[in-house]
Amino acid sequence: MRSSQLFGKTLRQAPADAENISHKLLVRAGFIQQIAAGIFSLQPLGNRSITKIRNIIREEMDRVGGQEINMPVVQPRSLWEESGRADTFVPPLARFQDKRERDMVIAPTHEETATVMARAGVTSYRDLPFTIYQIQTKFRDETRPRGGLLRVREFEMKDAYSFDADEEGMDRSFQAMVTAYKRIFKRCGLDVVMVEADSGGIGGKDSNEFVLLTESGEDTILMSTESDYAANGEKASFIKKAFPIGELGEVEEFATPNIKTIEELAKAEDVSKSKTAKAVFYSVNDEIVVVTIRGDYDVNETKLRNVLGGAEPRLATPEEVKAAGLVSGSASAVGLTGMKSVVDDSITMGSNYLAGANKEGFHLRNVNLDRDFKADIIADIAEAKKGYLSPDGKGKLVAKRGIEVGHVFKLGTVYSSKMGANFTDEDGEQKDVMMGCYGIGVGRLLAAAVESNNDDFGMVLPQAIAPYAVYLAGLNLNDSDISDKAEQLYEALQSAGYDVLFDDRDIPAGVKFKDADLIGIPVRIVISSRSLENGGVEVKARTSKDSEIVAESDVLTSVKKLLV
RNA sequence: CGGGGCGUGGCGCAGUGGUAGCGCACCCGCUUUGGGAGCGGGGGGCCGCAGGUUCGAGUCCUGCCGCCCCGACCA
């Protein structure tokens, strides 16, 4: 490609809207153009990078036996009623009615259609296993898109779905995908870690995220200092401090004027926060739920949602708390009836707690679970934090930020059972298909790659995903000797199989260098009167500071050393 | 959805009631050619939208829309 023909201009200044490095650089380099919040067009350079990423993904999916398919973006809402996600998917499904007033949705993900595909295509265990995948547009009406391509509403995702006869098969399919994912990210120049994750709106039991650790990430990742334990903050667990359980004391009420928080209560009584039972009130499906957790821990709302069966909890408003007859600042589960009680298991690792008396200005001593208040659910709903003990007993947790670039799920039969995707096994029995699903955000992957590969001058893209492998700049092109040689080099490099961007523009050298750096092309070749005087052409890697002079006849050899 | 900020040429910005400007980019000419060149000339604006106040509104008032950031939320 000749720069003089290339559509798209580089910008000296990034739009004021852009804040992330990747957002700024992708816009400045002419890769992407914003159309609306979280909605982008790809310009030629950006499209080339994305195409390369897609192809890497395809190769690795095919390598582990994936078969490419394509499913519709527009789907009848009834399909989502079958799976039960029509009203529960968060963010809300984008919906519209077609001409005949039939309810339609714009797909945010494709488990339903994939299950339908399997439902029709699988009747016998002999049809299993198989894995299908697509690279397809999704739309999620995110509450808050942000960071250029990092979090968008319309986006392209590679989504794969595996179908197996039994759990062992599903595990094998899952492992194959994990292998493929690791190769994909490595080839794209991303150093990712696989962490345990919450499966959220997709469902299923186990899920893992592939995360690029970087400060600009929006997820919190907790990792052990001494083992390979790593988990998203939504999922992370830890070993809770346990205290000896003494004899249960008598409950006694005492006055606590002006004490509203656990901190104040612990301080006033001169005890550790772990001697207090904290009550937090949530609104879940318009009902108040009381959550009790030991005062030294906080509630993890994702875990809470999961123990509540998937309904989204939200902190009750002061009005709701009051309406429920509760005394904020002095509340506890003691004596409460008619509302669901969830208790974190930390409460069972101690006794004789300080807790609210449900009476303005009073608290209670020696409060104990079962005797003084009930639990409908006892579970781990505590938020892991840095410094806590790793759940495997090895080391402490540290907190990092990360960008989720891939997510793999063991779905089991959550979709197949609801949607009737079953088969007859060897014994003639009817069984639900065991599924897995596996996603990679394609645009996000590019953004993540830029986030982790840049310097003061621009992107530093690995050859695998750079729009071009070689930037060939001819200077003093009015000199026919130089322009002839530049043309010859352009031909030769292309014949050798390299993607070459030939800067044939009649502009100052500095502009060409700036553009080459900004776009992040791995190898830059300069041919000029100066280089010829020095005995050839200049070859420079984007990653190195200095260039080397190479005889014209040796250019291909020299480039070959820097590229594959 | 709560809090904050911003909407003026492709991009960055100035303009607090009186003829819409600057830098970059763009077009023409000449001079230039190793890190975003110099000189000269030129084109491009429903100042987000609607209503209002005023002799007069980019500027003041009201409403709406859009975008960004923080939070909430987030396969």
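All figures in this text were calculated on a predicted structure; none of them were measured in a lab. To find a chain, count down the sequence lines: A is the first, B the second, and so on, and within it residues start at 1.
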field: Touch class at under 4.0 angstrom, heavy-atom based, for A:T143 against every strand present
entry: base
Most 5' of A:G439 and A:A16 on RNA chain B, judged by nearest nucleotide: A:A16
Rounded interatomic separation in angstrom, taking CG from A:L11 and P from B:G12: 8 Å
task: Take atom P in B:U16 and the same atom in B:C11, then report the distance between them in whole Å.
output: 23 Å
field: Separation between the P atoms of B:A14 and B:G48, rounded to whole Å
entry: 14 Å
task: Mind checking A:Y438 for me? I need base, sugar-phosphate or nothing, with any heavy atom below 4.0 Å counting as a touch.
output: nothing
Interatomic distance, A:R505 CZ vs B:U33 P [rounded to whole Å]: 19 Å
- request: Using the C1' atom on both, measure B:C55 against B:A37 and round to a whole Å.
  value: 50 Å
query: Can you tell if the side chain of A:C188 reaches within under 4.5 Å of the side chain of A:I57, non-hydrogen atoms only?
result: no
- request: Report the C-alpha distance between A:E218 and A:R144 in whole Å, list the side-chain angles of each, state the deciding distance to 0.1 Å, and finish with yes or no for salt bridge (charged side-chain N to carboxylate O under 4.0 Å, His left out).
  value: CA-CA 12 Å; A:E218 53 184 342; A:R144 183 148 104 78; over 6 Å; no
field: Nearest to side-chain heavy atoms of A:K9, which nucleotide of B:G35, B:C26, B:C68
entry: B:C26
query: On RNA chain B, nearest-nucleotide positions of A:Q13 versus A:G147: which is more 5'?
result: A:Q13
field: Nearest-Å distance once atom C1' is located in both B:C64 and B:C27
entry: 39 Å
message: Using a heavy-atom cut-off of 4.0 Å across all strands, would you classify A:A36 as base, sugar-phosphate, or nothing?
response: sugar-phosphate
d(CG, A:D515; C1', B:C11) in whole Å: 15 Å
task: Sticking with atom P, work out how far B:U31 lies from B:C69, rounded to a whole angstrom.
output: 48 Å
message: Looking at A:R146 and B:C69, is any side-chain donor or acceptor paired with a base atom of the opposite kind under 3.5 Å?
response: no
query: Rounded to the Å, how far apart are A:K24 NZ and B:C11 C1'?
result: 14 Å
field: Between P of B:C11 and CG of A:L25, the distance in whole Å
entry: 18 Å
Nucleotide of B:G12, B:G35, B:C69 approaching A:E19 most closely (side-chain heavy atoms): B:C69
Protein-nucleotide distance (A:L518, atom CG; B:G35, atom C1'), rounded to Å: 13 Å
Atom-pair distance (CD1 on A:I482; P on B:U33), nearest Å: 12 Å
- prompt: Expressed in whole Å, how much space separates the P atoms belonging to B:G40 and B:A25?
  reply: 15 Å
task: Could you please name the partner base of B:U19, counting Watson-Crick and G-U wobble pairs only when both distances are under 3.5 Å?
output: none
query: What do you reckon, is NZ of A:K386 surrounded by more than 12 foreign heavy atoms closer than 6.0 Å?
result: no
task: Classify the nucleic acid contact of A:T10 as base, sugar-phosphate or nothing, counting any heavy atom under 4.0 Å across all strands shown.
output: base
field: Complementary nucleotide of B:C24, counting Watson-Crick and G-U pairs under 3.5 Å
entry: B:G10
field: A:R144 side chain, from C-beta outward: closest of B:G35, B:C69, B:C67
entry: B:C69
- prompt: Taking any strand in view, what nucleotide pairs with B:U59 in a Watson-Crick or G-U wobble way, both distances under 3.5 Å?
  reply: none
query: Expressed in whole Å, how much space separates the C1' atoms belonging to B:U19 and B:G2?
result: 44 Å
query: Is there a donor-acceptor contact under 3.5 Å linking the side chains of A:S216 and A:E451?
result: yes
- request: Examine the side chains of A:D198 and A:T302 and answer whether a donor and an acceptor come within less than 3.5 Å of each other.
  value: no
query: Roughly how many Å is it from CG in A:L475 to C1' in B:A37, rounded to a whole number?
result: 14 Å
message: Quick one: does any side-chain atom of A:N285 pair with a main-chain N or O of A:E287 as donor and acceptor, under 3.5 Å?
response: no
- prompt: Looking only at side-chain N and O atoms, does A:Q33 come under 4.0 Å of OP1 or OP2 in B:G10?
  reply: no
message: Using atom P in both nucleotides, what's the gap between B:C22 and B:G9 to the nearest angstrom?
response: 14 Å
message: Any base atoms under 4.0 Å from A:P15, or only sugar-phosphate, or nothing? Heavy atoms, all strands.
response: sugar-phosphate
task: Assign A:D517 to base, sugar-phosphate, or nothing according to its heavy-atom contacts below 4.0 angstrom with the strands shown.
output: base
task: Would you classify A:I507 as touching base, sugar-phosphate or nothing, given that sugar-phosphate means primed atoms plus P, OP1 and OP2, and contacts are heavy atoms under 4.0 Å?
output: base
query: Would A:R524 count as a cation-pi partner of A:F513, with NZ or CZ less than 6.0 Å from the six-membered ring centre and within 45° of the ring normal?
result: yes
task: Give one of base, sugar-phosphate or nothing for A:S531, where a contact means two heavy atoms less than 4.0 Å apart.
output: base
Phosphate contact (B:C74 OP1 or OP2) by A:R305 side-chain N/O below 4.0 Å: yes
task: Both distances under 3.5 Å, Watson-Crick or G-U wobble: report the partner of B:C46, or none.
output: none
- prompt: Is B:C30 paired to anything, Watson-Crick or G-U wobble with both distances less than 3.5 Å, and if yes, which nucleotide?
  reply: B:G38
message: Within the 4.0 Å heavy-atom criterion, would you say A:Q34 contacts the bases, only the backbone, or no part of the nucleic acid?
response: sugar-phosphate
message: For a quick check of understanding: with a heavy-atom distance under 4.0 Å over all strands, which category does A:D506 fall into, base, sugar-phosphate or nothing?
response: base
query: Do A:H110 and A:Q75 touch side chain to side chain, with heavy atoms closer than 4.5 Å?
result: yes
message: Using Watson-Crick or G-U wobble geometry with both distances under 3.5 Å, which nucleotide pairs with B:G2?
response: B:C70
